[in-house]
Amino acid sequence: MICPKTTCLSPIIVALDFPDVASAIGMANRLDPAMCRVKVGKELFTRAGPAVIDALQSKGFDVFLDLKFHDIPTTTAKAVGVAARMGVWMVNVHALGGRRMMEACREALEQQSLKPLPLLMAVTILTSMSDTDLQEIGFKAGTNEMVQHLTALVANSGMDGVVCSAQEASVLKCSHGADFKLVTPGIRPTHSSADDQCRIVTPLEAIQNGSDYLVIGRPITQADEPLAVLKAVLVSLN
Ligand code: C5P
């Protein structure tokens with residue numbers, strides 16, 4: 001199913017990290033598509049498949065399909081093409097799939113007769129990885145160096161931007177310019193619990209650092225009044 005992308009101007013993407021369609025749609029019903037977009041990740045998509053994307057889009061939400069595709073170029077490009085035809089607003093791949101994989105994904109998108117095309121993003125180094133983790137898998141460089149190196153590759157491989165830590169955002173924005181989109185998780189409104197996130201940043205700090213889109217999950221989805229928290233976050237940005 002193809003849905004036109006909405007004209008939502010909010011930078012907030014609410015992470016719908018739920019185990020089934022009913023809970024995800026139940027949360028969407030308590031939000032407003034004029035005030036946020038939504039993210040569907042591996043757990044929900046593996047359980048619910050394209051039906052949950054259709055359901056969210058038919059409620060007016062732009063959907064970020066966060067499956068972090070990483071495979072040979074042909075396979076990854078085909079998956080990106082399918083995501084585009086489902087009408088998602090944003091889709092992502094792993095930069096570690098390399099230039100040929102990312103370029104094949106861009107070509108697959110350009111072949112779709114869709115307007116607008118989904119934003120095609122890449123993950124560089126997962127923020128859960130430490131320098132020690134990178135050494136263990138054979139990388140000589142540390143996380144900061146790798147993030148910067150891979151972001152340059154991403155920018156030169158036709159991607160629209162990267163998913164990154166809000167703490168990396170200002171450096172990446174300066175290096176790659178305003179049109180290169182930055183999506184940042186690990187956001188915590190003032191007074192929210194950090195949950196299992198380590199290096200947290202407030203919504204305002206993230207925007208000031210150059211983030212274009214802020215992924216926020218539990219501070220909104222676990223709140224008694226999710227819409228009130230969402231509204232308070234938007235107010236905090238003005
Ligand atoms: O609940 P919380 O705000 O921590 O949710 C953050 C969302 O962003 C989750 O869906 C998580 O998987 C995702 N994410 C993240 N850190 C990354 C990449 C994605 O927290 N580096």
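As a basis for the values below, the full set of heavy atoms in this structure was taken, side chains included, without hydrogen atoms, waters or symmetry mates. Start at 1 and go down the list; that is how both ligands and their atoms are numbered.
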I'd like to know if Val171 and Ile207 are part of one continuous hydrophobic network [Ile/Leu/Val/Met/Phe/Trp/Tyr, side-chain heavy atoms within less than 4.5 Å].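 Result: no, two separate clusters.
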
Within ligand 1, which atoms have a heavy atom of [X] less than 4.0 Å away?
| X | value |
| --- | --- |
| Val215 | 7 (C), 8 (O) |
| Arg218 | 1 (O), 2 (P), 3 (O), 4 (O) |
| Thr127 | 16 (N), 17 (C), 21 (N) |
| Ala15 | 7 (C), 10 (O) |

Top protein contact for [atom], by heavy-atom distance:
| atom | answer |
| --- | --- |
| atom 9 (C) of ligand 1 | Asp17 OD2, 3.2 Å |
| atom 18 (C) of ligand 1 | Pro185 CG, 3.6 Å |
| atom 6 (C) of ligand 1 | Gln197 NE2, 3.7 Å |
| atom 2 (P) of ligand 1 | Arg188 NH2, 3.4 Å |
| atom 13 (C) of ligand 1 | Lys39 NZ, 4.0 Å |

Distance-minimising heavy-atom pair for Asp160 and Arg106: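 Smallest heavy-atom distance, with atoms named: OD2-NH2, 3.0 Å.
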
Minimum heavy-atom separation for Ile216 to Pro203, with atom names?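 For Ile216 and Pro203, the tightest heavy-atom pair comes out as CD1-CG, 4.5 Å.
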
Looking at [X] and [Y], would you say the former's side chain and the latter's main chain have a donor-acceptor pair under 3.5 Å?
| X | Y | answer |
| --- | --- | --- |
| Glu205 | Thr202 | yes |
| Asn209 | Gln167 | no |
| Thr127 | Ser165 | no |

Find out whether Val52 and Leu56 are in side-chain contact, i.e. whether some heavy atom of one side chain is under 4.5 Å from a heavy atom of the other.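 A side-chain contact under 4.5 Å exists here.
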
